[in-house]
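Below, chain A is the first sequence line, B the second, and so on; all start at residue 1.
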Number of protein chains: 2
Amino acid sequence: MQTNDEQTFLEHYDKQAYDAPLVTVDPVLFTYHAEQLKVLLVQRSSHPDRQMWGLPGGFVDLQHDATLEDTALRKLREKTGVTPPYLEQLHTFGNATRDKRSWSVTVCYTALIAHQECAAHIATVMDARWVSMQQLEMLPLAFDHGMIIGHARERLRQKALYSIVPAYALPEKFTLPELQQLHEILLGMPLQKKSFRRRIEQAELLEDSGEKRADSGGRPATLYRMKAGSGAHTFLRNLSGATETEE
Amino acid sequence: MQTNDEQTFLEHYDKQAYDAPLVTVDPVLFTYHAEQLKVLLVQRSSHPDRQMWGLPGGFVDLQHDATLEDTALRKLREKTGVTPPYLEQLHTFGNATRDKRSWSVTVCYTALIAHQECAAHIATVMDARWVSMQQLEMLPLAFDHGMIIGHARERLRQKALYSIVPAYALPEKFTLPELQQLHEILLGMPLQKKSFRRRIEQAELLEDSGEKRADSGGRPATLYRMKAGSGAHTFLRNLSGATETEE
DNA sequence: TTGATAAGTGACTTATAGACACAAAAAGGA
DNA sequence: TCCTTTTTGTGTCTATAAGTCACTTATCAA
């Protein structure tokens with residue numbers, strides 16, 4: 001290689017690197033199982049932070065992804081085999097230091113799915129697993145993924161105050177006590193049964209499936225499902241303690 | 001240059017181009033002046049959409065910007081000469097078609113500033129101006145910037161329901177009737193004077209500056225300022241009509 | 001049949017927003 | 001000086017929704 005050519009090459013390469021930070025998409029997929037909130041992590045197979053656990057994200061594929069959502073859904077399908085019913089952009093983190101390789105930008109999403117929807121697929125692979133919020137505290141994560149999950153967790157908490165978005169982490173049909181328990185875990189406080197039911201009835205976002213379920217002794221609970229059309233992200237009214245700060 | 005090296009170089013270069021969409025930062029800077037909400041636009045000096053008006057954004061400068069916020073603030077300082085007191089990430093838009101040149105990602109911010117803070121500086125340059133929401137409808141914008149401003153506008157409307165963030169579009173000292181008028185414009189509906197004042201008092205986010213101002217006949221209004229520390233993004237309680245949908 | 005258990009409701013209390021009349025503080029003119 | 005006009009700011013009643021908690025309903029198991 002001649003010196004001149006190398007010079008040109010480096011200039012060219014540097015210019016490219018100058019204009020374009022690395023761009024990745026990192027979905028934070030939550031589910032609810034065994035009375036715990038869990039997040040999907042994968043074990044990195046490549047540099048940097050090889051072998052460490054992190055979010056199931058990756059680079060935008062300019063050839064096949066038409067949008068950033070496509071990238072998020074593609075990465076989630078690769079790991080879970082299915083498309084989650086809820087996906088919403090969380091925040092974009094970008095700075096010079098979060099990735100050793102270069103200035104790096106990651107567009108993050110919050111996603112929710114029923115545990116049973118992908119439990120089978122995940123059980124077949126060794127490099128992906130559900131990690132509970134409790135386990136998460138002990139597990140060092142790649143890059144700034146721990147911080148990102150913290151943000152997603154906090155956003156989900158806000159959703160629990162004002163919406164029934166968390167219901168997407170439950171199966172298609174679920175009971176109100178199940179949903180209330182999930183909200184209580186997200187909010188870290190007990191909720192009044194009556195207030196909770198009242199808010200959800202008023203919002204008219206759920207419909208009676210006609211079925212009931214009795215887990216073990218006690219009156220059977222009505223199974224509800226999301227009403228088609230009107231999104232579960234519709235605002236509910238205030239819940240006690242809602243007078244806090246935004247994300 | 002040897003074939004092998006060129007091969008390696010191209011692979012490297014292609015991979016780089018393959019992995020990296022264009023990354024820009026686009027701040028939507030609002031202000032309030034003459035009873036109108038206005039947004040800062042600049043006239044593009046380069047391809048594509050040359051001569052058209054658009055958001056005062058640009059590429060991330062990997063050498064000088066440590067974070068995405070740095071990029072947003074740098075671009076705003078270039079056009080206004082000052083640093084806005086409020087800057088919050090809005091949303092990231094990325095797809096294959098929004099920029100003719102390439103797959104493109106833009107990280108957007110909502111920013112607010114008092115009109116007087118930068119009116120002088122803007123008046124000196126020909127390629128930047130404040131455009132009212134009304135004027136905006138007639139003006140074709142570069143890229144998808146019209147859609148982005150629409151999203152920012154809608155987010156600001158939500159803020160007006162739950163917070164006093166819009167106060168950052170006012171001077172340091174302002175009266176409650178002024179703030180209420182701004183909120184009414186953002187929400188597109190009249191507000192009850194008593195309810196509005198009560199919510200703001202309860203939030204304890206403003207403090208009496210001790211001064212008063214009488215614009216024209218009538219009782220002089222108390223001038224308030226933001227309390228240091230506690231951000232104005234703290235949630236207020238519900239306002240009628242709040243049972244709508246999130247952004 | 002009876003007790004245990006969990007789902008779901010009735011009804012009262014409390015808190016906050018809506019509505020609107022009224023008081024307070026200035027300007028200006030006769 | 002005093003009265004009118006104008007705008008800011010408050011008092012207070014009403015309406016609505018959330019908090020509380022006892023009570024009813026529906027099922028299982030002994």
Side-chain angles (χ1 to χ4, degrees), chain A residues 35 160-164 167 170 173-184 187-225 234-244, chain B residues 35 160-164 167 170 173-184 187-225 234-244:
Chain A
E35 303 190 5
L161 280 172
Y162 291 115
S163 77
I164 54 168
L170 298 176
K173 294 173 185 172
F174 54 88
T175 69
L176 289 192
E178 273 172 0
L179 182 59
Q180 182 176 337
Q181 197 180 33
L182 170 53
H183 277 240
E184 286 173 343
L187 297 171
M189 66 180 187
L191 297 177
Q192 288 285 338
K193 183 169 50 167
K194 183 69 191 209
S195 301
F196 187 75
R197 301 181 74 96
R198 199 160 35 193
R199 287 185 344 130
I200 286 177
E201 268 171 33
Q202 282 174 1
E204 294 183 287
L205 296 171
L206 300 184
E207 61 185 7
D208 191 331
S209 72
E211 298 170 68
K212 307 255 176 199
R213 181 172 57 209
D215 282 315
S216 67
R219 178 173 174 172
T222 302
L223 283 164
Y224 290 88
R225 76 164 77 83
T234 299
F235 266 139
L236 265 54
R237 302 209 177 263
N238 257 350
L239 207 56
S240 173
T243 314
E244 304 188 3
Chain B
E35 304 190 5
L161 280 173
Y162 291 115
S163 77
I164 55 167
L170 298 176
K173 294 175 187 170
F174 54 88
T175 68
L176 289 192
E178 272 172 0
L179 182 58
Q180 181 176 338
Q181 196 180 33
L182 170 53
H183 277 241
E184 286 173 344
L187 297 171
M189 65 181 187
L191 297 176
Q192 288 285 337
K193 183 170 49 169
K194 181 70 190 203
S195 300
F196 187 76
R197 301 181 75 98
R198 198 161 34 194
R199 288 184 343 130
I200 286 177
E201 268 171 32
Q202 281 174 2
E204 294 183 287
L205 296 170
L206 300 185
E207 62 183 8
D208 191 331
S209 72
E211 299 170 66
K212 307 255 178 199
R213 181 173 54 209
D215 283 314
S216 65
R219 178 171 172 173
T222 303
L223 283 164
Y224 289 88
R225 76 165 74 85
T234 299
F235 266 138
L236 266 53
R237 302 206 178 266
N238 258 350
L239 206 56
S240 172
T243 314
E244 303 186 5

Exercise. Starting at CG of B:Leu176 and ending at P of D:dT7, how long is that distance when rounded to a whole Å?
Worked result: 17 Å
For this session: Kindly point out which of D:dT20, C:dG18, D:dT8 is positioned nearest to the side chain of A:Gln192?
Result: D:dT20
For this session: Return the nearest nucleotide to the side chain of B:Pro177; candidates are D:dG9, C:dC20, D:dA18.
Result: D:dG9
Problem set entry | Touch class at under 4.0 angstrom, heavy-atom based, for A:Lys194 against every strand present | base
Exercise. Which listed nucleotide (D:dT12, D:dA18, C:dA17) is nearest to the side chain of A:Arg199?
Worked result: D:dA18
For this session: Work out which heavy atom in B:Leu179 is nearest to a heavy atom in B:Phe174; give both atom names and the distance.
Result: CD2-CE1, 4.0 Å
Exercise. Where each residue is assigned the nucleotide of DNA chain C containing its nearest heavy atom, which of A:Gly218 and B:Lys193 is assigned the position nearer the 5′ end?
Worked result: A:Gly218
Exercise. With respect to the phosphate group of C:dA7, does any side-chain polar atom (N or O) of A:Gln180 fall under 4.0 Å of OP1 or OP2?
Worked result: no
Seminar exercise, completed: Closest to the side chain of A:Arg219, out of D:dG9, C:dA19, D:dA26, is D:dA26
For this session: Would you kindly give the NZ-to-C1' distance between A:Lys212 and D:dA26, to the nearest whole Å?
Result: 9 Å
Problem set entry | Sugar-phosphate only, base, or nothing, as touched by A:Thr222 at under 4.0 Å among non-hydrogen atoms | sugar-phosphate
Exercise. B:Tyr162 has an atom OH; how far is it from atom P of C:dT16, in whole Å?
Worked result: 16 Å
For this session: Return the value, rounded to whole Å, for the distance between atom CD of B:Glu201 and atom P of D:dT8.
Result: 16 Å
Exercise. Looking at C:dG8, D:dA26, D:dT20, which one has an atom nearest to any side-chain atom of A:Pro220?
Worked result: D:dA26
Exercise. Which whole-number value in Å describes the distance from B:Glu211 CD to D:dT8 C1'?
Worked result: 17 Å
Problem set entry | Nearest-Å distance for atom pair CG/C1', residues B:Leu161 and C:dA17 | 13 Å
Exercise. How many Å lie between CZ on B:Arg197 and C1' on C:dA24, as a whole number?
Worked result: 12 Å
Problem set entry | Distance-only donor-acceptor test (3.5 Å): side chain A:Arg198, base C:dG8 | no
Exercise. Side-chain N or O of A:Gln202 less than 4.0 angstrom from OP1 or OP2 on D:dT16?
Worked result: no
Exercise. Could you state the CZ-C1' distance from A:Phe196 to C:dA7, rounded to the nearest angstrom?
Worked result: 14 Å
Exercise. Which of these passes side chain to side chain contact (heavy atoms under 4.5 Å, CB included) with B:Ser209: B:Glu211, B:Glu207, B:Lys212, B:Arg213?
Worked result: B:Glu211
Exercise. Any idea which heavy atoms bring A:Phe196 and A:Leu176 closest together, and the distance?
Worked result: CE2-O, 3.9 Å
Exercise. Going by heavy atoms in the side chains, are A:Met189 and A:Leu191 under 4.5 Å from each other?
Worked result: yes
Problem set entry | Where B:Pro177 and B:Arg197 come nearest, the two heavy atoms and their spacing | CD-NH1, 4.5 Å
